[in-house]
> 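Here you go, one structure.
Please read these numbers as outputs of a predicted model, since none were measured by experiment.
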Amino acid sequence: PELTRAQKGFSYEGYSSLFSMPVSLMSATLYSEAVWQRVWAAEDDKTLRRAACVGALAVSVVVFFFGFVGFLAVWAGRAGDGTDPNLYFFSLFSKSSEARLDSMPGLMALLCAALMSEGAV
């Protein structure tokens, strides 16, 4: 459907969402018990800083990888207009333009995604 005039331009709702999303994510992280357990369990400040840098790098690499593979799926024509954008990564491993579980690499990707999401719990 066509976007309305209010949806195309800058709006109060748009700016408020740009503010509220990062604030809510930072607040959730700061008040998370798991983060502070790691901070207080660190041997010293040097170890804490090194672990934080390694963790930030690892998260950045994983997020980039999944996003880039989704981009490759669109570029290769594996993800069409009818494909849910959340499934672009899995559509690269599918034999059709729809994201279906019909190959062994697709099954392995699904298992890896399930294991990674369980590790975050």
Side-chain angles (χ1 to χ4, degrees):
E2 184 84 20
L3 293 176
T4 64
R5 187 170 191 272
Q7 291 172 329
K8 289 181 183 178
F10 297 104
S11 65
Y12 172 76
E13 289 82 10
Y15 282 120
S16 65
S17 66
L18 283 175
F19 173 74
S20 64
M21 183 61 90
V23 168
S24 66
L25 291 173
M26 286 190 312
S27 298
T29 302
L30 286 176
Y31 293 116
S32 173
E33 189 176 297
V35 173
W36 292 109
Q37 280 182 326
R38 290 180 182 94
V39 168
W40 298 122
E43 188 174 318
D44 55 9
D45 283 348
K46 182 180 176 184
T47 305
L48 177 64
R49 291 183 199 286
R50 186 174 50 225
C53 290
V54 168
L57 180 68
V59 167
S60 299
V61 167
V62 168
V63 169
F64 175 79
F65 172 74
F66 280 99
F68 188 69
V69 170
F71 175 74
L72 289 177
V74 173
W75 181 61
R78 294 290 182 112
D81 290 337
T83 307
D84 183 2
N86 295 320
L87 300 176
Y88 281 178
F89 174 78
F90 298 107
S91 67
L92 184 69
F93 301 107
S94 181
K95 293 178 183 174
S96 65
S97 63
E98 299 173 1
R100 293 187 181 191
L101 187 58
D102 56 4
S103 65
M104 187 56 79
L107 177 63
M108 297 307 292
L110 180 65
L111 288 174
C112 286
L115 290 173
M116 289 173 65
S117 67
E118 284 298 318
V121 173

> Please confirm whether the backbone N or O of A73 pairs with a side-chain atom of R78, one donor and one acceptor, at under 3.5 Å?
no
> Nearest 0.5 angstrom please: S20 OG to Y15 OH, how far?
14.5 Å
> If two hydrophobic side chains count as joined below 4.5 Å and joins carry through other members, does V59 share a cluster with V54?
no
> Suppose the criterion is side chain to side chain donor-acceptor pair (under 3.5 Å): which pairs have a residue in residues 45-65, not counting sequence neighbours?
D44-T47
> Roughly how far, to the nearest 0.5 Å, is the CG atom of L25 from the CG atom of L30?
11.0 Å
> For the pair F89 and F66, name the ring-plane relationship: parallel under 30°, tilted 30 to 60°, perpendicular over 60°.
tilted
> Going from CG on L92 to CZ on F71, what distance comes out if it is rounded to the nearest 0.5 angstrom?
12.5 Å
> Is it the case that the side chain of S91 and the backbone of Y88 share a donor-acceptor pair, with hydrogens and angles ignored and the cut-off at 3.5 Å?
yes
> Same hydrophobic cluster for V62 and L110, using side-chain heavy-atom links shorter than 4.5 Å among ILVMFWY?
yes
> Of all residues at least two apart in sequence or in a different chain, which pass the ring pair (Phe, Tyr, Trp, His ring centres under 6.0 Å) check with F68?
F64
